Peer 1: 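My questions will all concern the structure given below.
The shown structure was predicted, so the numbers you read here are calculated from the model rather than taken from an experiment. Throughout, residue positions are numbered sequentially from 1 according to the sequence presented.
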Amino acid sequence: RSYRLEQHSSDEMGQLAQTYNEMADTVQEYIVDVVSSKATLENLNKQLEREIEQRRQVQEELAINRDNLEITVKERTSELEKEILERTRVEKLQQETEKRLREQNEALFDLAGNQSLYGGDLHSSLDTIVPLASKILQVNRCGVWLIDEKSDSYVCRKLEIQGKSVETTDQTLPLIAYQKFAELLN
């Protein structure tokens with residue numbers, strides 16, 4: 001309690017002392033309330049500062065996680081795009097292969113049904129088989145080379161280059177020059 005006046009009489013001076021003391025008590029209560037409120041506000045401010053710091057840390061973590069998620073999504077999207085391109089490429093290749101196999105099967109069935117191949121004329125049969133093989137295999141050069149009677153040379157029996165039949169008389173290759181090829185045939 002702070003300083004108070006002693007009240008010695010009930011006259012004006014006594015009433016003044018009493019009023020002064022009441023006012024001092026009221027001011028003292030206000031001071032206690034202000035000090036208490038200040039302490040409460042300081043505690044609340046500290047609590048708010050802790051909460052603000054926690055929120056700031058959470059926001060930083062969220063920002064980092066968002067950035068990491070964006071990177072992960074971009075990487076995964078890139079992987080999926082590559083996978084889609086690869087699958088598309090493989091599907092196209094598979095379709096082309098299937099088409100080519102169908103064409104080859106059809107050609108083989110056509111050849112099997114071609115009665116002129118069963119007549120025993122090799123030259124006539126090769127005239128039918130080589131152009132078809134060139135077309136079906138999608139090659140620019142296709143030929144049939146047989147080993148001659150002496151077994152020392154390959155003899156070209158039929159040759160087609162760029163879809164045109166080429167005269168093959170006297171075209172031979174010495175067997176010794178292609179020994180590895182001959183070994184593979186055996």
Peer 1: Could you list the residues that satisfy side-chain contact (heavy atoms from CB on, under 4.5 Å) with Leu101, not counting sequence neighbours?
Peer 2: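 Expected list: Thr97, Gln104.
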
Peer 1: Restricting to pairs with a member in residues 74-91, which pass side-chain hydrogen bond (donor to acceptor under 3.5 Å, both in side chains), not counting sequence neighbours?
Peer 2: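 Output for this query lists Arg76-Glu79, Glu83-Arg87, Glu86-Arg89.
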
Peer 1: By the rule that ILVMFWY residues connect when side-chain heavy atoms come within less than 4.5 angstrom, directly or transitively, which residues belong alongside Leu132?
Peer 2: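 ILVMFWY cluster around Leu132 also holds Leu111, Leu117, Ile129, Ile136.
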
Peer 1: Check whether Asn21 reaches the backbone of Leu5 with its side chain - one donor and one acceptor, N or O, closer than 3.5 Å.
Peer 2: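 Yes, the answer is positive, given that a donor and an acceptor are paired below the 3.5 Å cut-off.
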
Peer 1: Of all the heavy-atom pairs spanning Glu160 and Ser165, show the shortest one and how long it is.
Peer 2: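 Nearest heavy atoms, Glu160 then Ser165: CG-N, 4.2 Å.
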
Peer 1: Kindly give the heavy-atom pair with the smallest separation between Glu167 and Gln171, and that separation in Å.
Peer 2: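 Shortest heavy-atom separation between Glu167 and Gln171 comes out as O-NE2, 3.8 Å.
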
Peer 1: Using atom types as modelled and distance alone, determine if a side-chain donor or acceptor of Tyr118 lies under 3.5 Å from a backbone N or O of Ala112.
Peer 2: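 Pair found, side chain donor or acceptor close to backbone of Ala112.
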
Peer 1: Is the number of heavy atoms from other residues, nucleotides or ligands within 6.0 Å of CD (Glu53) greater than 12?
Peer 2: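 Enclosed: over 12 neighbouring heavy atoms sit under 6.0 Å from CD of Glu53.
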
Peer 1: Counting only N and O atoms by type, is there a donor-acceptor contact under 3.5 Å from the side chain of Gln162 to the main-chain atoms of Asn140?
Peer 2: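 Here the side-chain-to-backbone pair does not exist.
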
Peer 1: So, taking the atom named OH in Tyr154 and the one named OG1 in Thr172, what distance separates them when rounded to the nearest 0.5 Å?
Peer 2: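 That separation rounds to 12.0 Å.
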
Peer 1: With a cutoff of under 4.5 Å between side-chain heavy atoms, which Ile, Leu, Val, Met, Phe, Trp and Tyr residues group with Leu108?
Peer 2: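 Besides Leu108, the cluster holds no residue at all.
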
Peer 1: Can you tell me how far the NZ atom of Lys150 sits from the CG atom of Leu175, to the nearest 0.5 Å?
Peer 2: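 One finds 12.5 Å between NZ of Lys150 and CG of Leu175.
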
Peer 1: So, do Ser125 and Thr128 sit near enough that their side-chain heavy atoms are less than 4.5 Å apart?
Peer 2: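 No, side chains not in contact.
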
Peer 1: Kindly give the cluster partners of Leu146, where membership spreads through any ILVMFWY side chain lying under 4.5 Å from a current member.
Peer 2: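 Members besides Leu146, by chain and number: Leu122, Leu126, Val130, Val144.
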
Peer 1: Side-chain polar contacts of residues 60-68 - donor-acceptor pairs under 3.5 angstrom, sequence neighbours left out - could you list them?
Peer 2:
| from | atom 1 | to | atom 2 | distance (Å) |
| --- | --- | --- | --- | --- |
| Glu60 | OE1 | Arg56 | NH1 | 3.3 |
| Glu60 | OE2 | Arg56 | NH1 | 2.1 |
| Asn65 | ND2 | Glu61 | O | 3.3 |
| Asn68 | ND2 | Ile64 | O | 3.4 |

Peer 1: OG of Ser9 to CD of Gln18: how many Å apart, nearest 0.5 Å?
Peer 2: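 Ser9 OG to Gln18 CD: 11.0 Å, rounded to 0.5 Å.
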
Peer 1: Less than 4.5 Å apart, any side-chain heavy atom of Tyr20 and any of Arg4?
Peer 2: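 In short, these two side chains do not touch, never coming nearer than 4.5 Å.
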
Peer 1: Could you identify which residues cluster with Ile84, counting Ile, Leu, Val, Met, Phe, Trp and Tyr as linked when any side-chain heavy atoms lie under 4.5 Å apart, either directly or through a chain of such contacts?
Peer 2: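 Other cluster members: none.
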
Peer 1: Give, for atom CD of Gln94 and atom NZ of Lys99, the distance between the pair rounded to the nearest 0.5 Å.
Peer 2: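 One gets 15.5 Å once the value is rounded to the nearest 0.5 Å.
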
Peer 1: Let me check something: do Ile147 and Trp145 share a hydrophobic cluster, defined by ILVMFWY side-chain heavy atoms less than 4.5 Å apart, either directly or through other members?
Peer 2: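 Yes; Trp145 is reachable from Ile147 via cluster members.
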
Peer 1: Report, one line per pair, each donor and acceptor closer than 3.5 Å where one atom sits in a side chain of residues 39-46; sequence neighbours left out.
Peer 2:
| from | atom 1 | to | atom 2 | distance (Å) |
| --- | --- | --- | --- | --- |
| Thr40 | OG1 | Ser36 | O | 2.9 |
| Asn43 | ND2 | Ala39 | O | 3.4 |

Peer 1: Would you compute the distance between atom CG of Asp110 and atom CD of Glu106 and round it to the nearest 0.5 angstrom?
Peer 2: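 If we round to the nearest 0.5 Å, Asp110:CG and Glu106:CD are 7.0 Å apart.
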
Peer 1: Can you name the residues that form a side-chain contact (heavy atoms from CB on, under 4.5 Å) with Arg141, not counting sequence neighbours?
Peer 2: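 Expected list: Leu159, Ile161.
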
Peer 1: Going by the rule side-chain contact (heavy atoms from CB on, under 4.5 Å), which residues pair with Asp121 if we only count those two or more places apart in sequence or in a different chain?
Peer 2: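 Residues passing side-chain contact (heavy atoms from CB on, under 4.5 Å) with Asp121: His123, Ser124.
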
Peer 1: In terms of hydrophobic clustering (I, L, V, M, F, W, Y; side-chain heavy atoms under 4.5 Å; direct or indirect links), are Tyr3 and Met23 co-clustered?
Peer 2: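 Same cluster: Tyr3 reaches Met23 through Ile, Leu, Val, Met, Phe, Trp or Tyr contacts under 4.5 Å.
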
Peer 1: Check the pair Leu93, Glu96 against side chain to side chain contact (heavy atoms under 4.5 Å, CB included), reporting the backbone distance first and the verdict last.
Peer 2: CA-CA 5 Å; Leu93 182 62; Glu96 290 171 356; 4.2 Å; yes

Peer 1: Tell me, yes or no, whether the heavy-atom count around Glu98 atom CD, taken from other residues, nucleotides or ligands under 6.0 Å, exceeds 12.
Peer 2: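 Above 12, so yes.
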
Peer 1: Check side chain to side chain donor-acceptor pair (under 3.5 Å) between Asp127 and all other residues, then give those that pass, not counting sequence neighbours.
Peer 2: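 Applying side chain to side chain donor-acceptor pair (under 3.5 Å) to Asp127 gives Lys158.
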
Peer 1: Does Gln179 have any side-chain contact (heavy atoms from CB on, under 4.5 Å) partners at least two apart in sequence or in another chain, and if so, which?
Peer 2: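 Ile176, Glu183.
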
Peer 1: With rounding to the nearest 0.5 angstrom, report the CD to CG distance, Gln28 to Asp33.
Peer 2: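 Separation between the atoms: 10.5 Å.
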
